[in-house]
Amino acid sequence: MLKLNNIMNIETRFLSEADPIPGTPLISVVVPVHNEAPNLKPLISAISMALAGIEHEIVYVDDGSTDTTSRVLAEIAQTLPTLVRVRHKQSCGQSGAVITGVKTARGAYIATLDGDGQNDPADIPAMLEAMLQAEAKGPRPVLIAGHRVNRQDSNAKRYGSRLANKVRAWALKDATPDTGCGLKLFRRQAFLELPHFDHIHRFLPALFIRAGGQVVSVPVRHHARAHGASHYNNWQRLKVGLVDLAGVAWLQRRWKVPQIEGRE
């Protein structure tokens, strides 16, 4: 099992392979937010503590918030140089914000998590260790997916998620018990090579497998929401989910991963 100090020892090698620009962080944490002002300070503090000692940046994408999110982020940025802020003029949805964040980020690796404070940034170092282990076995793209083993949500939300995961697993064969978990980790370049569309964040496991990659699920913690309310309900997820499911299934059928025999 790789330890966190081993990550520090090989950090320079991974950075030189991914991006030769001096000062490039090893990992960028991308957090999409919409009207999450009360959750900003505690989550950013938790991310900074979790990644202390690891070269990192925190990329917050304000997806057209109408509360004080923009102002609070500006205040935090005055004393936290690792915080990068991007703001959408109008809300584009969670996937649009994730895509903007990944494009803005400079890290070789990207960790995404929801801005509501329910994901625990303390799980990121273990996910990074799992990534390095998986990459050591071969050159395939790797997605490390969080698996919320003890979800702190309402019964309706948990049941709806379980049903969605079962339907998605049957249709896409994505071999992932919890595709809806916002805590994921991947190489920036691997994500940028995927097809991008609204709600892509719900289908990353299937898309990585489609690209010839592998998905490794890692148990992660999950907290009850301390402030605010969810922006989605089961009915909203169902309406868009069925359409997106059909679209991703079509993408799977219309692509074969080239098998390279040699290069001259």
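Excluded from the calculations below are hydrogen atoms, water molecules and symmetry mates; all remaining heavy atoms, backbone and side chain alike, are included.
- Side-chain contact, Glu129 with Gln133: no donor N or O sits under 3.5 Å from an acceptor N or O.
- How far CE of Met127 is from CD1 of Ile27: 9.0 Å, rounded to the nearest 0.5 Å.
- Using a 3.5 Å distance cut-off with no hydrogens or angles, the side chains of Asp120 and His222 do not pair a donor with an acceptor.
- Checking side-chain atoms of Arg202 against main-chain N and O of Cys181 turns up no donor-acceptor pair under 3.5 Å.
- One finds no salt bridge joining Asp62 and Arg85 here, because no Lys/Arg side-chain nitrogen approaches an Asp/Glu carboxylate oxygen to under 4.0 Å.
- Taken from CG in Leu51 to CD1 in Ile58, the straight-line distance is 7.0 Å, to the nearest 0.5 Å.
- Using a 4.5 Å heavy-atom cutoff, the side chains of Leu113 and Val29 are in contact.
- In this structure the side chain of Thr179 never reaches within 4.5 angstrom of the side chain of Leu204, judged on heavy atoms.
- With salt bridges taken as basic N to acidic carboxylate O contacts below 4.0 Å, none links Glu193 and Arg187.
- Two residues are said to be in side-chain contact when any heavy atoms from C-beta on lie closer than 4.5 Å; Tyr109 and Met131 meet this criterion.
- How far NE2 of His56 is from OG1 of Thr82: 4.5 Å, rounded to the nearest 0.5 Å.
- No donor-acceptor distance shorter than 3.5 angstrom exists from the side chain of Lys41 to the backbone of Val72, with no hydrogens or angles considered.
- Atom CG of Leu194 sits about 10.0 Å away from atom CD of Gln189, to the nearest 0.5 Å.
- A donor and an acceptor atom, one from each side chain of Thr100 and His88, are located under 3.5 Å apart.
- Contact annotation: the side chain of Val30 never approaches that of Tyr60 to less than 4.5 Å [non-hydrogen atoms, C-beta and beyond].
- For the residue pair Ser28 / Glu57, a side-chain donor-acceptor distance below 3.5 Å is found, with atom types taken as modelled.
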**OP:** I would like to know whether Gln94 and Asp198 meet side chain to side chain donor-acceptor pair (under 3.5 Å); could you show each step before the answer?
**Re:** CA-CA 8 Å; Gln94 185 171 344; Asp198 199 11; over 6 Å; no
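- Counting only distance, with no hydrogens or angles, the side chain of Thr69 and the backbone of Ala37 share a donor-acceptor pair below 3.5 Å.
- Remark: the Gln90 side chain and the Asp63 side chain contain no N/O donor-acceptor pair separated by less than 3.5 Å.
- Put simply, the side chain of Ile44 reaches to within 4.5 Å of the side chain of Leu83, judged on heavy atoms.
- Annotation: the span from Leu40 atom CG to Leu73 atom CG amounts to 5.0 Å, rounded to 0.5 Å.
- Hydrophobic cluster membership differs between Val149 and Leu185, with clusters built from Ile, Leu, Val, Met, Phe, Trp and Tyr side chains linked at under 4.5 angstrom.
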